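The structure appears right after this line, and notes come after that.
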Number of protein chains: 4
Amino acid sequence: MRHKEGNKEKAIIEAAIETFAEDGFYKSKIVDIAEKANVAIGSIYVYYKNKDDILLKIFDQIWEPIYNDMKRIASDKSYTPTQKFEFMLDSVFDAFEKYPEKAVVFVNEQNRLMKERPKSFTNYYELFIKEGEKIIKSGIRSSEFKNLNVRIFRRFVLGGLRELLREWTKNPTKRSLNQIRDSVKYFCKTGILDK
Amino acid sequence: MRHKEGNKEKAIIEAAIETFAEDGFYKSKIVDIAEKANVAIGSIYVYYKNKDDILLKIFDQIWEPIYNDMKRIASDKSYTPTQKFEFMLDSVFDAFEKYPEKAVVFVNEQNRLMKERPKSFTNYYELFIKEGEKIIKSGIRSSEFKNLNVRIFRRFVLGGLRELLREWTKNPTKRSLNQIRDSVKYFCKTGILDK
Amino acid sequence: MRHKEGNKEKAIIEAAIETFAEDGFYKSKIVDIAEKANVAIGSIYVYYKNKDDILLKIFDQIWEPIYNDMKRIASDKSYTPTQKFEFMLDSVFDAFEKYPEKAVVFVNEQNRLMKERPKSFTNYYELFIKEGEKIIKSGIRSSEFKNLNVRIFRRFVLGGLRELLREWTKNPTKRSLNQIRDSVKYFCKTGILDK
Amino acid sequence: MRHKEGNKEKAIIEAAIETFAEDGFYKSKIVDIAEKANVAIGSIYVYYKNKDDILLKIFDQIWEPIYNDMKRIASDKSYTPTQKFEFMLDSVFDAFEKYPEKAVVFVNEQNRLMKERPKSFTNYYELFIKEGEKIIKSGIRSSEFKNLNVRIFRRFVLGGLRELLREWTKNPTKRSLNQIRDSVKYFCKTGILDK
DNA sequence: GATGAATGAGTGTTCATTCAT
DNA sequence: GATGAATGAACACTCATTCAT
């Protein structure tokens, strides 16, 4: 191994996150990512199959920790469905607060890529979705939630969330994110709770 | 652009809608649009400044009629804010039902373009948003609605709507759209109404 | 049509012949061909699908006239098989004498391309081969030729011819080509004639 | 390179022969050769200067044993020129029958390399050619052969041979090679013998 | 000797846009 | 207005070779 100065794989993906967040996927140039990562162009292709592959790996980085949170929450029997639902939102908000740039990449690129390469997404995002739907269903079964169409509901909420986060990423302050978080929770609960 | 047209301008934009809907903006080629419109490449540049400009004009086609509906509804004093809110949703749903392909273009491309060219959008979409916010505010003022953060609420709803419509455009049937429409209305109302 | 100054398609293929002859196919750069042809890079792709396609078209230019000669000769009933065989060799020698650079491209690139893209060659070269085999067979039938294995014989002769022409292209003089022509004819005839 | 080897140098050249035979020189990747040889990329450059150098060494492996055969035959005074000529062809055919893949590399790559790097070939191939010409000349001197132009004749024969072997390597059976061998001998002898 | 991560010059091809006709 | 051949900057990706370990 030549040089071995720090972790190139990590440097590349971080440069890519920055670049994709700034310019969007299509306008981002491989050569810019390489420069930002302080790495030769060829090195990018040592660690990633191609430009798309970098994006896919970024999505994994976004959704894997969220999904792991979810698994823990979902399997904890001491929580009510409402609490689980709130924690689910929290884990998304927390992740985005921690890495706003990853958030930007997600909100801007994921839909397009899911459309163009539906096969690629057999992973953490899908698992996250599934886990979320399970929580809603359990709440409906226990009559804690209204009898909503689960697929429609979760899409609506995720879509709304993404839109809010997209806007937030333009000017990401902790304060404004908390305001969004509270509003969404409140709105969802009064919308979903069968009181 | 309404009457006796079998003209090039219309043929181009319709071909573009089809092409953007199918392949996405970046993967769509001007030459394909020209072929689909049965028009020479050069003719596209007679009617449109460039590729972006076509997209912008498509957005106008989407939002102008919706906005016109809105204006009519908003100024009608015989409706309550709740009725106006429902009509607003209806006018979006109706537009999407009528032109699913325009809907695809909107859901996939608008955000990116608004990010890349924020200046371009001084138009019907913005006006629609404003009108929508006014309705919410009037509902809050009359205590018919909860005292929600209007900007957050409208973003959330529009984002959720877009996500649902994006999914719907993959398999657009009248029946499924009505199901979505009812779910969204119900959810928004129980979420928003201060009963 | 912009510029229409002379025939770009022809200029490109001639530049390509020169370039391929000089550097070989793999070492030839599209940009060099473009420069030599006094044409923009993009123009090459207006007239040819890709680099391979240019090569294929060159082979057509080589073999089409030879094949047309052959057809005329083969169908002429006043010639004996021996005369036809001689004329066949002549038409190859004449073509090579006329366009030595095309000859270089043929001798250096055709085998490789036939190996890599066997599908592409359903054309003049194959037809030429077939016509040549027919002449040999008719000579065998009339007992003018020895009962040789036709496929082996024609491959041997063509291979020998190519090798000689390859060498000749390094220093192409009319005199030396005629010497080769006479030697080959003499050798083939004493080798093939059943006296 | 003969004895107790299971060594890297040999493994590399054998992998290269396979790879060049399959994909051609330009399309063969060093990394593929390394993998096939079960050797690190870097090791290839320990034993060979560069990619060209491997090819050159392969040619040596092809022509050295043939040349050694030739030397033995040529210096044996008990053979007539005709016998020597036949033995010469046999030694080429035998070599190709034994290592068809080396044959493929020779027929496909040697000409190109001789063109690009004429300096590299001060070796066994040249020596083989020279020895062959000597045999022909001695036959002419003794009036056993016709008074052909030796250079032209030997090129013609070698070229024809290569073409036949090229075809044969696509489907190499012992039977078909013997058929080719007999045909070539017969043709050359009736073509060359001054009876 | 052996390794394989790192390199970066090099290349075929694309495609939005132009402009002479 | 209409055309479409012409353009050439731009770009993702390749791969022989190197060299620190």
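From a predicted model like this one, the values you see are computed outputs, not experimental measurements. Protein chains get the first letters and strands the later ones, always in sequence-line order, with residue 1 at the start of each.
Atom NZ of A:Lys49 has 12 or fewer heavy atoms from other residues, nucleotides or ligands within 6.0 Å. By the 6.0 Å contact criterion, OH on D:Tyr99 is open, its count of non-hydrogen atoms from other residues, nucleotides or ligands being 12 or less.
Going from atom CD1 of D:Ile41 over to atom P of F:dC19 covers 15 Å, rounded to whole Å. For the pair D:Asp52 CG and F:dC15 C1', the interatomic distance rounds to 14 Å; values are reported in whole Å. Whole-Å rounding puts the D:Ile12 CD1 to E:dG1 P distance at 11 Å. Across the protein-nucleic acid pair, A:Lys51 atom NZ and F:dT14 atom C1' stand 17 Å apart, rounded to whole Å. For the pair A:Glu9 CD and E:dA6 C1', the interatomic distance rounds to 14 Å; values are reported in whole Å. Between the CD1 atom of D:Ile30 and the P atom of E:dA6 there is a distance of 20 Å, rounded to whole Å. Rounded to an integer number of Å, the gap from OH of D:Tyr45 to P of E:dA5 is 16 Å. In this structure, the CG atom of C:Asp53 is 12 Å from the P atom of E:dT14, given to the nearest Å.
Between A:Asn108 and A:Phe25 there is no side-chain heavy-atom pair separated by less than 4.5 Å. Between B:Arg162 and B:Phe106, the closest side-chain pair of non-hydrogen atoms falls below 4.5 Å. Using a 4.5 Å heavy-atom threshold, the side chains of A:Asn123 and A:Leu56 count as separate.
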Canonical and wobble pairing (Watson-Crick, G-U, under 3.5 Å) of DNA chain F, dot-bracket with |: .||||||||||||||||||||
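Comparing A:Asn50 and C:Ser43, the nucleotide of DNA chain F nearest to each residue sits closer to the 5' end for C:Ser43. Mapped onto DNA chain F by nearest heavy atom, A:Phe25 and B:Val39 fall at different nucleotides, with B:Val39 at the one closer to the 5' end. Mapping D:Ile44 and C:Gly42 onto DNA chain E via the closest heavy atom, the residue that lands nearer the 5' end is D:Ile44.
When each of B:Glu14, B:Glu18, B:Glu22 is checked for a salt bridge (Lys or Arg N to Asp or Glu O under 4.0 Å) with B:Lys36, only B:Glu18 meets the rule.
For the pair A:Ala11 and A:Ala37, the tightest heavy-atom approach, listed with the atom from each and the gap, is O-CB, 3.5 Å.
Taking the side chain of B:Lys29 as heavy atoms from C-beta on, and the options E:dC15, F:dG4, E:dT11, the nearest nucleotide is E:dC15.
Across all strands shown, D:Tyr47 has heavy atoms under 4.0 Å from sugar-phosphate atoms exclusively, and none from any base. Among the protein residues, C:Tyr26 comes within range of no part of the nucleic acid, since none of its heavy atoms lies under 4.0 Å from any strand.
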